[in-house]
Every structure is written in C-alpha cells, then in structure tokens.
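In what follows, a structure is listed as structure tokens, so that the remarks can point back to it.
Start at 1 with the first residue, then count along the sequence. None of these values were measured; they are calculated from a predicted model. These values consider heavy atoms only, across backbone and side chains, with no hydrogens, waters or symmetry-generated copies.
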Amino acid sequence: MFNRLHRLFPHRLRNLRCDRLRQIDIELSNRCNLRCRMCWFHGEKGIGDRYEGCELTTREVFGVVDDIGKYTSSIYIGGSEPFIREDFMEILRHMKSKNLAVSFTTNGTLLDSGKIETLVALGVDAVYFSIDGNEELHDRVRGRGVFHQVTQSVRKLSGIKKRRMGVKPLIIVNIAVRSDLIGHVKESMDAIRNATDDGADLYRLHHLWYATPSELSRHQSAVTEKLSRCAVGAASHVIPGSFVLDPARLAAEIMDVSRLPKVRSYPDLSYTQIIKYYSKSPTVRKRCIASFFAAVIKPNGDVTFCPDEWIDDYILGNILNDSFHNIWNSEEAHKFRRVLLREKHFPGCQRCGWMYSY
C-alpha cells in the first residue's frame with residue numbers, strides 16, 4: 001500500500017512533505033455584482049461575504065504572488081467576480097510578469113474593450129465565462145439581460161484575439177448543470193454558440209458540487225470527529241431532495257452533445273458515472289489526493305486545502321504571517337493529509353471537482 005502511494009505522489013510520503021504544487025487558488029474577493037441563485041456565497045443558501053473588509057491590499061497580493069511563485073507555476077483566481085476589484089488588471093499584470101500561468105472565472109458583465117485588449121496583451125492563459133444555458137435559463141438564474149452582456153464579452157474577446165493573432169487567453173464557456181437544464185442541453189449549447197459567434201475555444205458542462213441534507217450531516221460529523229472542526233460553510237452546498245430526477249436523461253443528453261466539437265464535461269464522466277454522480281451513493285473517485293497538489297488562499301490570507309467552503313474552518317495558517325513553504329508543510333497540513341490517506345475522503349466531498357482533478 002505504502003509503495004503504491006509513494007509511486008503515485010511526487011513528494012516524500014514518509015513525512016508527508018510536498019515539494020511541488022500543481023496549482024494555487026487565490027480568492028481575491030467574495031464580492032460580486034450579481035446574486036446568482038446557486039452561488040455558495042450570495043445565492044439562496046449562500047454564506048455571504050464573510051471576508052468583507054478583510055481583503056488583501058494590492059501590495060499584499062503582490063507579496064503573496066512573489067512567495068507562492070517559488071513553488072508553483074499555475075494560479076487560478078477564484079472567489080466571486082474578480083473584476084469587482086479595481087486593481088484586478090494590475091494584479092494580473094504582476095502575476096504574468098512572474099511567468100505564471102493565470103486563469104480565472106468571470107460572469108462577463110464588467111468587461112469593456114480596454115480590459116479585453118489588456119487580457120490579450122498580457123497573455124492571460126484562460127478565461128472562464130459562466131453561461132448557464134440559453135438566454136431564458138441563464139437570466140432566470142443570474143439576472144435579466146446578463147446573457148446578452150456575457151455573450152457579447154465572449155464575442156469581443158474572441159474578435160480581439162483573432163485581430164491580434166493571439167493564442168491566449170483560452171476562452172472557456174462554463175455551463176453549470178442544474179435541474180432546469182435537463183431537456184435543454186443541446187438547445188442551450190446551440191444558443192450559446194450562436195450568441196457568441198462560436199467564439200469559445202471550449203464549452204464545458206460543469207456538474208455542480210452539491211450535497212444532500214443527509215450527506216451534509218454525515219460530512220460535518222466526520223469532520224468534527226477526525227479534524228475537530230465543524231465545516232459550517234458546507235451547508236451552502238445543500239440541495240434538498242433529489243437534485244436530478246432523471247439522471248439517465250441528463251447523461252444521455254451530455255453524451256449526445258459531447259460528440260460536438262469543443263464540448264467537454266467537468267468532471268469528465270461517462271454515462272454510467274453521471275448516473276452514479278447524481279445518485280444517493282455518488283462516489284466515483286475513491287480517494288481525494290488534492291491536498292498533496294493544491295491549496296486555497298482566502299481573501300484575508302488564510303490558507304486552506306478545500307475549495308468552496310467544504311471544510312472552511314480548517315486553517316493551515318495565514319500567508320501574511322508566515323511563508324507559504326512553512327504553511328504548506330506545517331503540522332496542520334500533515335494532519336489533514338494523514339486523515340485523508342486513512343479516510344480517503346469525507347462524506348460531503350463525493351461531488352467536489354477536486355476529487356477528479358488530482
């Protein structure tokens with residue numbers, strides 16, 4: 001068992017030290033100009049902006065980037081809407097000056113031609129645009145007129161990239177899988193392609209990371225027992241009852257559109273795996289190894305292993321108070337990894353995308 005895991009993980013497993021990271025997620029802000037229904041920050045069950053007034057300053061972000069750039073070559077900017085920060089373009093410029101691969105997700109409503117020109121000029125590596133179906137479905141979730149705004153942003157970015165003969169950024173349309181998308185997957189894909197003039201490099205159907213009430217209860221109990229934490233934020237992912245009433249139909253629709261050019265799913269699941277994903281026993285990947293490869297930096301500088309508030313109160317340290325090297329290989333980090341090696345995952349982690357990413 002030990003030898004097999006040692007071959008799998010590129011680190012010194014015997015003392016759980018990790019020397020290389022694949023990616024760091026930096027949540028610059030949890031603020032947003034929209035109130036999307038399924039958002040775990042500002043949606044119907046969202047936890048709100050718990051870091052209001054606690055965001056890192058521009059200079060502090062620069063210092064964090066300089067520190068973590070010694071250990072990884074890839075940064076994903078998470079949290080809520082990044083363009084809500086007036087210094088976002090300045091931060092991107094600093095990240096790219098360090099030769100880091102940088103990607104982020106946006107709702108596409110705060111972009112203008114000047115910002116789009118800068119994204120291309122800087123060589124930002126990937127931009128994910130959230131578009132959740134055709135105009136009716138998207139605006140039902142994100143607000144009236146938002147579909148038009150985001151699709152126009154995709155068109156502009158694609159056009160400017162072509163005019164400058166650039167290969168970056170990769171333009172990815174991220175389509176969240178929700179219950180009302182079922183029966184409209186192909187229709188929505190066609191609508192998005194038409195509205196964006198097929199300007200995306202990739203169309204990604206994104207299975208939502210959610211938990212049932214019973215899974216949340218078991219998850220929080222396990223986190224309390226094994227880590228002495230409460231995982232309060234995981235409650236923002238709870239969807240009562242059956243989220244997908246007909247997973248076989250959804251799986252068939254996704255398999256159908258997956259044959260189209262530039263269409264993928266995340267996680268990339270087979271027909272059978274999609275059905276399992278939306279069942280009461282959804283585990284497809286048996287072991288989470290994400291804590292050996294990635295970490296999250298919250299808006300106030302706290303470092304955690306889990307994205308999207310799944311185990312939000314297990315803090316490894318704060319990047320303003322200690323180096324990332326010390327935090328990444330701290331005793332708190334070792335404890336978390338030891339627990340995961342033994343337990344494989346927690347009950348609420350079964351639909352977390354990081355289970356499938358590493």
With no hydrogens and no angle check, do the side chains of [X] and [Y] hold a donor and an acceptor under 3.5 Å apart?
X	Y	result
Gln149	Thr109	no
Tyr76	Asp125	no
Glu81	Asn33	no
Thr212	Ser214	yes

Exercise for review: Look only at the side chain of Asp25 and the backbone of Gly78, and say whether a donor-acceptor pair between them is shorter than 3.5 Å.
Suggested key: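 No, Asp25 side chain to Gly78 backbone: no donor-acceptor pair under 3.5 Å.
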Exercise for review: May I ask you to decide if Gly133's main-chain N or O and His138's side chain share a donor-acceptor pair within less than 3.5 Å?
Suggested key: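 No; zero donor-acceptor contacts below 3.5 Å.
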Would you call [X] and [Y] a salt bridge, taking side-chain N to carboxylate O under 4.0 Å as the test?
X	Y	result
Lys161	Asp201	yes
Asp198	Arg193	yes
Asp256	Lys186	no

**Study point:** Verdict with reasoning, Arg342 to Val339, per side chain to side chain contact (heavy atoms under 4.5 Å, CB included)
**Key:** CA-CA 5 Å; Arg342 184 174 64 248; Val339 169; 3.8 Å; yes
Rounded distance (nearest 0.5 Å) linking atom [atom1] of [X] with atom [atom2] of [Y]:
X	Y	atom1	atom2	answer
Met189	Ile254	CE	CD1	9.0 Å
Ile274	Met255	CD1	CE	4.0 Å
Ser323	Ile68	OG	CD1	12.5 Å
Leu340	Lys226	CG	NZ	12.0 Å
Gln350	Lys344	CD	NZ	12.5 Å
Leu227	Ile311	CG	CD1	6.0 Å

Review point. What residues, two or more places apart in sequence or in another chain, satisfy side-chain hydrogen bond (donor to acceptor under 3.5 Å, both in side chains) together with Glu135?
Key: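 Result, side-chain hydrogen bond (donor to acceptor under 3.5 Å, both in side chains) vs Glu135: none returned.
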Review point. By side-chain hydrogen bond (donor to acceptor under 3.5 Å, both in side chains), which residues pair with Asn30, not counting sequence neighbours?
Key: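 Here no residue qualifies.
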Point to revise | Parallel, tilted or perpendicular: rings of Trp328 and Phe324 (30°, 60°) | key: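 Rings of Phe324 and Trp328: parallel, under 30°.
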**Study point:** Geometric class of the Tyr314/Phe336 ring pair [parallel <30°, tilted 30-60°, perpendicular >60°]
**Key:**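 Ring orientation of Phe336 relative to Tyr314: tilted.
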[atom1]/[X]: more than 12 non-hydrogen atoms of other groups inside 6.0 Å:
X	atom1	answer
Glu331	CD	yes
Glu187	CD	yes
Arg163	CZ	yes

**Study point:** Student check: side-chain heavy atoms of Ile77 and Leu92 closer than 4.5 Å
**Key:**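 Yes. Closest side-chain heavy atoms under 4.5 Å.
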Review point. Do Ser279 and Pro247 come within less than 4.5 Å of each other through their side chains, counting heavy atoms only?
Key: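 Not in contact.
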Check your understanding: What is the minimum heavy-atom distance between Ser265 and Arg204, and which atoms define it?
Key ->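 For Ser265 versus Arg204, the nearest heavy atoms are C-CG, 4.3 Å.
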Practice item. Give a yes or no on whether the ring-centroid distance for Tyr51 and Phe41 is below 6.0 angstrom. Key: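 Here the rings of Phe41 and Tyr51 have centres that are no less than 6.0 Å from each other.
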Check your understanding: Would Trp209 and His237 count as a close aromatic pair, with their ring centres under 6.0 Å?
Key ->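 Between His237 and Trp209, which both carry aromatic rings, the centre distance is not below 6.0 Å.
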**Study point:** Residues that Pro267 engages under side chain to side chain contact (heavy atoms under 4.5 Å, CB included), provided they are two or more places apart
**Key:**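 So Pro267 forms a side chain to side chain contact (heavy atoms under 4.5 Å, CB included) with His207, Leu269, Tyr277, Tyr356.
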